[in-house]
S.K.: 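The structure under discussion is supplied below as structure tokens; questions concerning it will follow.
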Amino acid sequence: MNLIFLGAPGAGKGTQAEVVCKELNIPAISTGNMLREAVKNGTPAGLAAKAYMDRGDLVPDEVVIGILKDRIAEDDAKNGFILDGFPRTVAQAEALEKMGVNIDKVVEIHVPDEAITARMSGRRVCEGCGNSYHIQYKPTKVEGICDACGAKVVQRVDDKPETVISRLKTYHEKTAPLKDFYAAKGKLVTVEGQDEISETSKLTLAAIKG
Ligand code: ADP
Ligand code: ZN
């Protein structure tokens with residue numbers, strides 16, 4: 001099963017991808033996490049991506065497509081995967097088709113913009129493994145420490161309010177057109193994001209299985 005999770009920044013794609021991948025036993029592949037890792041390690045892709053990410057702009061298609069292509073060629077992705085944060089442009093969706101990847105379903109997690117900006121200030125991410133948290137909706141067991149790997153949990157530089165507004169604008173301009181792209185292929189399902197993470201998970205799993 002090859003799935004795409006689509007949604008505005010902070011809609012909960014990453015969190016739901018972490019839940020659903022365990023349920024379906026397939027990896028969740030987050031281009032955002034891979035790019036942050038590349039930046040941390042100072043790889044060529046990371047160096048190319050950093051300035052765009054800090055501003056809240058999209059990283060150029062060719063950089064992201066290269067990273068994604070290598071990742072889905074790995075062994076653990078043979079039986080399927082969840083793409084979290086890719087594709088983010090129509091050009092990326094077309095590149096996926098050119099790679100010969102068949103997508104079974106595209107799950108859009110819909111959250112209104114007003115709710116997004118309110119949520120983002122509480123969002124945290126693990127510096128070690130990339131797991132996502134929220135001080136209110138998904139707190140760590142020990143404050144500031146990742147449940148999964150014990151590394152420090154921090155706020156992302158691009159989660160500042162000004163950057164969030166610009167990322168939302170980019171989402172509506174560049175990524176939201178993918179809804180029509182996949183709806184035309186009969187692959188789009190929309191889930192209303194709930195405040196309670198487990199409620200959204202139920203709806204998401206039902207949408208995938210239905
Ligand atoms: P969110 O979903 O909260 O916006 P991500 O972790 O998915 O966060 O992405 C963080 C940043 O990484 C984006 O703002 C963008 O700069 C870059 N990025 C991630 N995925 C892509 C992609 N598919 N295409 C271009 N840029 C990307
Ligand atoms: Zn961690």
Side-chain angles (χ1 to χ4, degrees), residues 4-18 28-40 45-72 82-96 99 101 106-111 113 115-117 119-134 138-142 144-178 193:
I4 291 171
F5 281 18
L6 198 67
K13 303 183 294 289
T15 303
Q16 293 307 325
E18 284 166 22
I29 298 178
S30 158
T31 45
N33 284 357
M34 285 191 284
L35 288 167
R36 276 186 289 280
E37 186 69 22
V39 169
K40 202 171 77 185
L47 294 174
K50 186 176 188 312
Y52 296 97
M53 295 176 74
D54 287 350
R55 285 196 302 269
D57 288 342
L58 293 184
V59 172
D61 286 334
E62 60 275 17
V63 176
V64 189
I65 289 166
I67 291 183
L68 193 273
K69 193 172 182 185
D70 292 346
R71 178 64 187 86
I72 60 178
I82 299 174
L83 298 183
D84 158 22
F86 186 98
R88 249 183 168 89
T89 61
V90 172
Q92 291 178 15
E94 287 167 351
L96 205 51
M99 291 174 212
V101 173
V106 178
V107 182
E108 182 214 353
I109 301 180
H110 177 258
V111 174
D113 283 5
I116 296 279
T117 40
R119 270 187 195 189
M120 294 295 257
S121 59
R123 189 155 91 144
R124 300 290 183 270
V125 64
C126 171
E127 281 184 334
C129 70
N131 270 10
S132 55
Y133 295 94
H134 192 284
K138 191 191 175 191
T140 52
K141 294 200 181 82
V142 180
I145 301 295
C146 176
D147 294 352
C149 79
K152 220 165 77 183
V153 165
V154 297
Q155 182 166 39
R156 279 167 41 181
V157 282
D158 61 345
D159 277 352
K160 311 192 276 288
E162 320 84 87
T163 320
V164 168
I165 289 167
S166 118
R167 283 161 64 205
L168 270 174
K169 192 164 165 268
T170 304
Y171 173 75
H172 289 295
E173 282 173 11
K174 308 255 172 69
T175 308
L178 289 174

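All ligand and atom numbering here is 1-based and tracks the order in the structure.
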S.K.: Report the nearest protein non-hydrogen atom to atom 13 (C) of ligand 1: residue, atom name, distance rounded to 0.1 Å.
M.R.: R88 NH2, 4.0 Å
S.K.: Do other residues, nucleotides or ligands put more than 12 heavy atoms under 6.0 Å from K50 NZ?
M.R.: no
S.K.: Taking H134 for its side chain and R119 for its backbone only, find out whether a donor-acceptor pair lies under 3.5 Å.
M.R.: yes
S.K.: Considering only protein heavy atoms, which is closest to atom 8 (O) of ligand 1, and at what distance to one decimal place?
M.R.: R156 NH2, 3.2 Å
S.K.: Go through ligand 1 atom by atom and flag the ones less than 4.0 Å from a non-hydrogen atom of G10.
M.R.: 3 (O)
S.K.: Identify which protein N/O/S atoms are less than 2.8 Å from the Zn ion (ligand 2).
M.R.: C126 SG, C129 SG, C146 SG, C149 SG
S.K.: How long is the span from the OG atom in S132 to the CG atom in N33, to the nearest 0.5 Å?
M.R.: 7.5 Å
S.K.: Name the closest protein heavy atom to atom 12 (O) of ligand 1, giving the residue it belongs to and the distance to 0.1 Å.
M.R.: M53 CE, 3.4 Å
S.K.: Using a 6.0 Å distance limit plus a 45 degree cone around the ring axis, check whether K13 lies over the aromatic ring of F5.
M.R.: no
S.K.: Looking only at distances, can you tell me whether any N or O atom of R167, backbone or side chain, sits closer than 3.5 Å to an N or O atom of ligand 1?
M.R.: yes
S.K.: In the structure I gave you, are the side-chain heavy atoms of E18 and N131 within less than 4.5 Å of one another anywhere?
M.R.: yes
S.K.: Could you check atom 24 (N) of ligand 1 against the protein and tell me its nearest heavy-atom contact, residue, atom and distance included?
M.R.: Q92 NE2, 2.9 Å
S.K.: Rounded to the nearest 0.5 Å, how far does CD1 of I65 lie from CD of Q92?
M.R.: 5.5 Å
S.K.: How far is atom 15 (C) of ligand 1 from its nearest protein heavy atom, and which residue and atom name does that atom have?
M.R.: D57 O, 3.6 Å
S.K.: Does R88 qualify as a cation-pi partner of F86, given the criterion of NZ or CZ under 6.0 Å from the six-membered ring centre and within 45 degrees of its axis?
M.R.: no
S.K.: Give a yes or no answer on whether the side chain of R71 reaches the backbone of G66 with a donor-acceptor pair at less than 3.5 Å.
M.R.: no
S.K.: What distance do I67 atom CD1 and I72 atom CD1 have between them, rounded to the nearest 0.5 Å?
M.R.: 13.0 Å
S.K.: Using a strict 4.0 Å cut-off to heavy atoms of R123, name the atoms of ligand 1 that fall inside it.
M.R.: 3 (O)
S.K.: Please tell me whether D61 and T89 have a donor and an acceptor in their side chains that are separated by less than 3.5 angstrom.
M.R.: yes
S.K.: State the atoms of ligand 1, each with its element, that fall below the 4.0 Å cut-off from a heavy-atom position in L35.
M.R.: 12 (O), 17 (C), 18 (N), 19 (C), 27 (C)
S.K.: What atoms of ligand 1 come closer than 4.0 angstrom to any heavy atom of P9?
M.R.: 1 (P), 2 (O), 3 (O), 4 (O)
S.K.: What residue and atom, counting heavy atoms only, is the protein's closest point to atom 2 (O) of ligand 1, and at what distance?
M.R.: K13 NZ, 2.9 Å
S.K.: Any atoms of ligand 1 less than 4.0 Å from a non-hydrogen atom of R36? List them with their elements.
M.R.: 6 (O), 10 (C)
S.K.: Identify, for atom 26 (N) of ligand 1, the protein heavy atom at the shortest distance, and state residue, atom and that distance.
M.R.: V59 N, 3.0 Å
S.K.: Which residue owns the protein heavy atom closest to atom 20 (N) of ligand 1, what's the atom, and how far is it?
M.R.: T31 OG1, 2.8 Å
S.K.: Do NZ/NE/NH1/NH2 and the carboxylate oxygens of R167 and D159 come within less than 4.0 Å?
M.R.: yes
S.K.: Is the closest side-chain heavy-atom distance between S121 and P161 below 4.5 Å?
M.R.: no
S.K.: Between G56 and ligand 1, does any nitrogen or oxygen pair lie at a separation below 3.5 Å?
M.R.: no
S.K.: What closest approach, in Å, do Y133 and A148 show between heavy atoms, and which atom pair accounts for it?
M.R.: OH-N, 3.7 Å
